[in-house]
Structures are given as structure tokens and as C-alpha cells.
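So the structure is just underneath, and the comments pick up after that.
Because the structure is a prediction, the values reported are computed rather than measured.
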Amino acid sequence: MVSKILAINSGSSSLKFKLFEMPEENLIAKGAVDRIGFDDAVFEESFDGQDKKQTLSVPDHNKAVQLVIDSLVDNKIVASLNEIKGVGHRISNGGEKYEKAVIVDDDVENTIDKLSALSPLHNPVNLLGIKAFDHVLPDTPKVAVFDTAFNATIPPENAVYALPYEYYKKYGVKRFGFHGPSHQYIKEQVEDLFPHADKKIISCHLGNGASISAIKDGKTIDNSMGFTPLAGLVMGTRSGDLDPQILPFLQENEHLDAEQMKDVLNKKSGLLGISGVSSDLRDVEKAADDGNERAVLALKAFVHRIQSYIGSYIADLDGVDTIVFTAGIGEHDARVRKAVMENFHFIGAEVDDERNKSNELVISSDDSKINIAVIPTDEEIVIARDVFKLV
């Protein structure tokens, strides 16, 4: 039986969607509402070979969802809303309770809300997306697909923090890892595309939010994000790893309370914090090329942290078969890919400059001992598959 499944990815000021025909996995329509909360929000959509774009006021997520639903009906993408058999929502943190996708009910919504303490930038807006769809599709099953689920296989020795063990027992303080749907999709693509080099994978999801996963025999054994999506790499506005003693030091000397400190770490750090230019890597690269020394430093710090995690995960995996670059930066920034791989000649990893500049699937040279690939991620199809299984 053919079902139309809607996959939703809600951000703080955006809502992305894809409508699939399942189980064939045909993409019927896709789009995004950006700058939610502003009078000049942008609604983009693609269907039947058409691309549409409009600028309008979108005060909240409810309006964004209504735009999407109206478009699907008005453009006859669906004859009626009854054709949509399920809606899947990407949820940042499922904690220890949710290690797989679940159908959303009141209890699930309440738990997602409680887990907002672990993902303050993400869980609340993910929940907004669910509630907004509750209004327009009240009888359609909703499914929560958790970023942390694919990382539930991280072994205890890689997940534990060297804190009093009681904090793990009381609060579940451990490494969860994030970007699960993306890393899962990359794992499956590598298995299909490179069955000779799929046992030890390092998946580099590099976007405004960024993480790296070590995947062995199809299972995650480590992920650069931690208890929250703040840990790991230098990101657009997030600090990534730092000495924990920095926090009380800054709180005391800058007179910051806990909420202000979280704001600094999540919204004022990363590329933006170092460069003082932008959270967008493209802006930072342009500033670096124009001689901005802080922008140069931000780029070097960004690349160095990626290299450090790849090096660490090569040890975790006892070698590596395939290194994959994905997400906005990973898929499109040849300069970053080349810079990252510069330090791995010692394991025989060699990038072909022309293939890299052309964003080819395989960017490693013919004589490289390591397979290096660029694979566009598709978190939404992973969400749609989970929805189809459940509903």
C-alpha cells in the first residue's frame, strides 16, 4: 500500500519539509520556511519540476506549518490532507528513554519537553513543530525520530564521563551523541556504494552544527557531540570542547549567571566568537582571504578540531576504510575538505584535487589507501522510513 509521509525538521527560525511516497521513497515535494518570527520570512518549495519562492510575514511555527499544508493542498500535491498517513519529526534528544522512533502521545510530548534541559536550542523548537502539526492534522499519527537513537550503541567506556557515578544514575549524564539520522544515512550509503570499504567508517557531518561519528560494523561506537549538542567540534555559534574550569572562571569574572553562560556557549562562540565576523563559514573564509587575522584563526581552529577527532576515531576503529564528508560545509566546501585531509598522508589518505574541486562522489586519488567520499545527507528519508514502519 502506498502512503504519503511528511518528514519535518524544525529549527529555531526554520521549518524544513519533505513529502515522500512510501515505500517507493519517491520525493513528491520539498521546501523550507526560513526566518520564522520575521516579517521578511522566506518560503521556498519544489514540486513537479517547479521551484517557488515568496517573502512574507511568518510570526511563528503555527503559521509556517499552515503555509506548508496550504501549499500541499492548493498545488494539488495531495488531493486532501487524508492522504498524509504520518508525520515524522526530528527530535534532538531522546535521553536514555528513547533509543528508537516512537509514535507521539501526551507522555512523549511531556518527556521531550523535560529533555529540553539537555538540548535547550533544539528540543523546545522540535516540540513546537509537533504541536503546530497537532492543530492542522489532529488525527494523523505523529512520530518522533531522535538524533540520539542511532548513537545508542556507543559502548559505556566511550559514553561515561569521569564524574561521580551518581550523576549518571540520577540524571543520565553521559555521552549521547547527535545527528543520528544523518550518520545513519551515511552508513547505509557507504554500505551500498562501497561494500568493500564499509566496516570502519568516519562520518563527518559538517554544517552550522557539526559532529563526527565513528561507525564500526554498522554501529556507532563514538560521536563528537556529548551530553548535549554543544560538545565536540567548533561550530557556527557553539564552542565545542573546552576546559570545564573556564565556565566558573568566566561566570565569576564576567558576572554571568547559568543562563547567560549557556547563551555565550551556544550562541556567541564557535566561528562567530573567534572571528567576530560571522557564524557562516563562507563569510569567515572571505574575511580570511581579505586578511582578517581572527578569521584566519577561526578557520584553523575549525579544521584542527576536525582533524583531532578523525585522528582519535582512527584509533577507536583500529584503522579506517572510508571517511565521508557530508552536510552543508562537508558537501560543498572543497577548501575545508582539503585542509582537513592534509594531515593524514601518514595513513595513505590522499585527496585528488580535481575530484575534490568538482565535488565528486569519490575525492580520494587512485593510489589512496583510504576511501574518501562526499555524500549528500538525507535525514528526512531516514525519518520517513521510521514513520512508515510505525504507522
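Annotation: the span from Glu109 atom CD to Ile112 atom CD1 amounts to 7.0 Å, rounded to 0.5 Å. How far CZ of Phe227 is from OH of Tyr161: 8.0 Å, rounded to the nearest 0.5 Å.
A salt bridge does not link Asp257 to Lys262: none of the charged side-chain nitrogens sits closer than 4.0 Å to a carboxylate oxygen. At a threshold of 4.0 Å, the pair Asp353-Lys357 does not count as salt-bridged, since none of the basic side-chain nitrogens sits closer than that to a carboxylate oxygen. Checked for salt-bridge contact, Asp378 and Lys18 meet the test: a charged N lies under 4.0 Å from a carboxylate O. At a threshold of 4.0 Å, the pair Glu83-Lys4 counts as salt-bridged, since one of the basic side-chain nitrogens sits closer than that to a carboxylate oxygen. With respect to Asp280 and Arg282, a salt bridge is recorded, a charged nitrogen being found less than 4.0 Å from a carboxylate O. At a threshold of 4.0 Å, the pair Lys100-Asp386 does not count as salt-bridged, since none of the basic side-chain nitrogens sits closer than that to a carboxylate oxygen. A salt bridge does not link Lys52 to Glu44: none of the charged nitrogens lies less than 4.0 Å from a carboxylate oxygen. Salt-bridge formation is detected for the pair Arg385/Glu188: a Lys NZ or Arg NE/NH1/NH2 atom is positioned less than 4.0 Å from an Asp or Glu carboxylate oxygen.
Put simply, the side chain of Thr322 never gets that close to the backbone of Asp198: no donor and acceptor are under 3.5 Å apart. Between the Arg337 side chain and the Gly330 main chain, a donor and an acceptor come within less than 3.5 Å of each other. With Thr148 contributing its side chain and Gly94 its backbone, the two residues share a donor-acceptor pair below 3.5 Å. Formation of a donor-acceptor pair under 3.5 Å by the Tyr313 side chain with backbone atoms of Gly319 is not found in this model. Within the 3.5 Å criterion, the main-chain N or O of Ser46 finds no donor-acceptor partner in the side chain of Asp51. In terms of modelled atom types and a separation under 3.5 Å, the side chain of Arg175 and the main chain of Met225 share a donor-acceptor contact. Asn356 places no side-chain N or O within donor-acceptor distance of the main-chain N or O of Asp352, the cut-off being under 3.5 Å. The closest donor-acceptor contact from the side chain of Ser116 to the backbone of Asp113 lies under 3.5 Å.
Taking hydrophobic clusters as Ile, Leu, Val, Met, Phe, Trp and Tyr residues chained together by side-chain heavy-atom distances below 4.5 Å, Leu250 shares a cluster with Leu242. By the rule that hydrophobic residues join a cluster once side-chain heavy atoms approach within less than 4.5 Å of another member, Ile130 and Phe146 end up as members of one cluster.
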- Task: Check the pair Glu380, Lys30 against salt bridge (Lys or Arg N to Asp or Glu O under 4.0 Å), reporting the backbone distance first and the verdict last.
- Result: CA-CA 10 Å; Glu380 288 79 16; Lys30 65 177 181 177; over 6 Å; no

- Test log, rule side chain to side chain contact (heavy atoms under 4.5 Å, CB included), inputs Thr326 and Ser182: CA-CA 8 Å; Thr326 192; Ser182 178; 4.0 Å; yes

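At least one side-chain heavy atom of Phe47 sits less than 4.5 Å from a side-chain heavy atom of Glu45. Looking only at side-chain heavy atoms (C-beta outward), Thr228 and Asn93 stay at 4.5 Å or farther from each other.
Taking every heavy atom of both residues into account, Ile347 and Lys369 meet most closely at O-CB, 4.0 Å. Closest of all the heavy-atom pairs between Val264 and Leu256 is CG2-CD1, 4.3 Å. Nearest heavy atom pair, residue Ala132 against residue His61, reads CB-O, 4.0 Å.
Residue Tyr171 places its OH atom among 12 or fewer non-hydrogen atoms of other residues, nucleotides or ligands, all under 6.0 Å distant.
With sequence neighbours left out, the side-chain hydrogen bond (donor to acceptor under 3.5 Å, both in side chains) criterion links Asn158 to no other residue.
Using modelled atom types, one finds a donor on one side chain and an acceptor on the other under 3.5 Å when comparing Asp241 with Tyr309.
Using cut-offs of 30° and 60° for the angle between ring planes, the Tyr165 and Tyr168 rings count as tilted.
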